[in-house]
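One structure below.
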Amino acid sequence: MIDGHKVIFSGVQATGNLTLGNYLGALRNWSLLQNEYECFFSVVDEHSITVRQDPAELRRRARNLLILYIAAGIDPKKSCIYFQSHVSAHAELAWILNCYTYMGEMNRMTQFKDKSAKHADNINVGLFAYPVLMAADILLYQADVVPVGIDQMQHLEICRDIAMRFNNIYGPVFTIPEPYIGKTGAKIMSLQDPTKKMSKSDENPNASIYLYDDRDTVIRKCRRAVTDSLATVSYSEEQPGVRNLIEIYAACTGKLPEEAVAEFEGKGYGDLKSAVGEAVADTLAPLQNEIARLSKEKDYIDGIIRDNAERAAYTANKTLRKVQHKIGFPDRIR
Ligand code: TYM
């Protein structure tokens, strides 16, 4: 642990096509935080198998996601970026925490309800227990802060509950983490139904901007975004489509939503949509170029994968051993 530095943990699932929501809500903030915190950013491939995956595709997506972390400005020398499946302590702590988590509290998880409705033919125990694995991810690194989008707040709440319950029984073992929600971009909505969040698994490809969409596609999707018939630009709940476009514009340009609204005063939705499209495309282009460059650096990426897995395992195992001792498992003999 870096002396005096607080710890950050976060992760993204290696599932589906990443969206602008993942970038603006999570990844973009990570690189901004890495100078002030000791950071662990995991490609959470173990979470991905709660829905059925094609093995070759999962492997490819996981590697591409790790490359994306670096392309998004996360410095692998400063921050530890690694695959969750390379650190066995995640699964081990998750099992232990399962035994300190109640069915009743898990039953309240809205994401489980949504996902089990979507995958009715595969409602597996992993899907149900998923927030416990997420709690293990965070608690293993004694994270003080967890940067996420708003949709993960309920999972973070249960993580805190489990940690406090454990600490009440065994003394102060876990740091109780706080969420970090970015000023803009914490909940990017679907372009086709702005009452729903933009999601990797949306069946309508026009609803989401994917991080790998080219410029023309981005601009076309923004032009088709659903707005309303009020013909005025505001950042209010009554205009969810327009509000979402303002949110995206603000997040991509670094402006405040109020500044963005002022910029479009008196202008039509056509102007707003074009400006949003340009701003998003300008945000994604450098990211895409960097991904293309890094994808060719096989040895460099392999080195990061190897070294960082060891770094992560070192910290994670320290917490795991402490937990195992506290609950009464026999100590290892060296
Ligand atoms: P995941 O993979 O669904 O999403 C990764 C991150 O992207 C954020 N996000 C969004 N932010 C704004 N607008 C959106 N439309 C949007 N969609 C997604 C999410 O809030 C998240 O921060 N369970 C987690 C992964 C995870 C994790 C963890 C996160 C596993 N272990 C430990 C933090 C700490 C998930 O499925 O995120």
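Order of appearance sets the numbers: ligands from 1, and atoms from 1 within every ligand. Sequence positions, counted from 1, serve as the residue numbers for this chain.
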Looking only at protein heavy atoms, which one is nearest to [atom], and how far off is it?
{"atom": "atom 28 (C) of ligand 1", "value": "Met134 CG, 3.4 Å"}
{"atom": "atom 4 (O) of ligand 1", "value": "Asn22 ND2, 3.2 Å"}
{"atom": "atom 23 (N) of ligand 1", "value": "Tyr130 OH, 2.4 Å"}
{"atom": "atom 2 (O) of ligand 1", "value": "Gln13 N, 2.9 Å"}
{"atom": "atom 15 (N) of ligand 1", "value": "Ile188 O, 2.8 Å"}
{"atom": "atom 29 (C) of ligand 1", "value": "Gly11 O, 3.5 Å"}
{"atom": "atom 6 (C) of ligand 1", "value": "Ala26 CB, 3.6 Å"}
{"atom": "atom 3 (O) of ligand 1", "value": "Lys200 NZ, 4.1 Å"}

Counting each atom of ligand 1 from 1 as listed, which ones have a heavy atom of [X] under 4.0 Å away?
{"X": "Ile138", "value": "32 (C), 34 (C)"}
{"X": "Phe9", "value": "32 (C), 34 (C)"}
{"X": "Val12", "value": "2 (O), 5 (C)"}
{"X": "Gly185", "value": "12 (C)"}
{"X": "Val146", "value": "33 (C), 34 (C)"}
{"X": "Ser10", "value": "33 (C), 34 (C)"}
{"X": "Gly25", "value": "11 (N), 12 (C)"}

Give the contacting part of [X] toward ligand 1: side chain, backbone, both or neither, where contact means a heavy-atom distance below 4.0 Å.
{"X": "Thr15", "answer": "neither"}
{"X": "Met189", "answer": "neither"}
{"X": "Ser199", "answer": "neither"}
{"X": "Asp137", "answer": "side chain"}
{"X": "Leu133", "answer": "neither"}
{"X": "Lys187", "answer": "backbone"}
{"X": "Val44", "answer": "side chain"}

Select the closest option to atom 20 (O) of ligand 1 among Leu24, Asn29, Thr184, Asp151, judged by heavy-atom distance.
Asp151
From the candidates Pro131, Gly21, Ala186, the one that places a heavy atom nearest atom 14 (C) of ligand 1:
Gly21
Purely on distance, is any nitrogen or oxygen of Gln152 under 3.5 Å from one on ligand 1?
yes
What do you reckon, does Met198 have a nitrogen or oxygen under 3.5 Å from a nitrogen or oxygen of ligand 1?
yes
How far apart are the closest heavy atoms of [X] and [Y], and which atoms are they?
{"X": "Val233", "Y": "Val261", "value": "O-CG1, 3.6 Å"}
{"X": "Thr253", "Y": "Ala279", "value": "CG2-CB, 4.0 Å"}
{"X": "Leu133", "Y": "His90", "value": "CD1-O, 3.8 Å"}

For the atom pair [atom1] ([X]) and [atom2] ([Y]), what is the distance rounded to the nearest 0.5 Å?
{"X": "Glu265", "Y": "Thr232", "atom1": "CD", "atom2": "OG1", "value": "8.5 Å"}
{"X": "Asn124", "Y": "Arg52", "atom1": "CG", "atom2": "CZ", "value": "6.5 Å"}
{"X": "Ile158", "Y": "Met134", "atom1": "CD1", "atom2": "CE", "value": "10.5 Å"}
{"X": "Tyr141", "Y": "Ile8", "atom1": "OH", "atom2": "CD1", "value": "15.0 Å"}

Between Tyr249 and Phe264, is the ring centroid distance below 6.0 Å?
yes
Check for me whether the distance between the ring centres of Tyr130 and Phe112 falls short of 6.0 Å.
no
Presence of salt bridge, Arg243 and Glu238, under 4.0 angstrom
no
Inspect the contact between Asp45 and Arg61 and indicate whether a charged nitrogen and a carboxylate oxygen are less than 4.0 angstrom apart.
no
Indicate the ring-plane relationship of Tyr170 and Phe166, choosing parallel, tilted or perpendicular according to the 30° and 60° boundaries.
tilted
Under the side chain to side chain contact (heavy atoms under 4.5 Å, CB included) rule, what do Phe9 and Leu139 come out as? Steps first, then yes or no, please.
CA-CA 9 Å; Phe9 182 92; Leu139 300 178; over 6 Å; no
Is the charged tip of Arg165 near the ring of Tyr100: under 6.0 Å from the six-membered ring centre and within 45° of its axis?
no
Run Asp228 and Gln239 through side-chain hydrogen bond (donor to acceptor under 3.5 Å, both in side chains) and show every step you take.
CA-CA 7 Å; Asp228 53 50; Gln239 292 187 273; 3.2 Å; yes
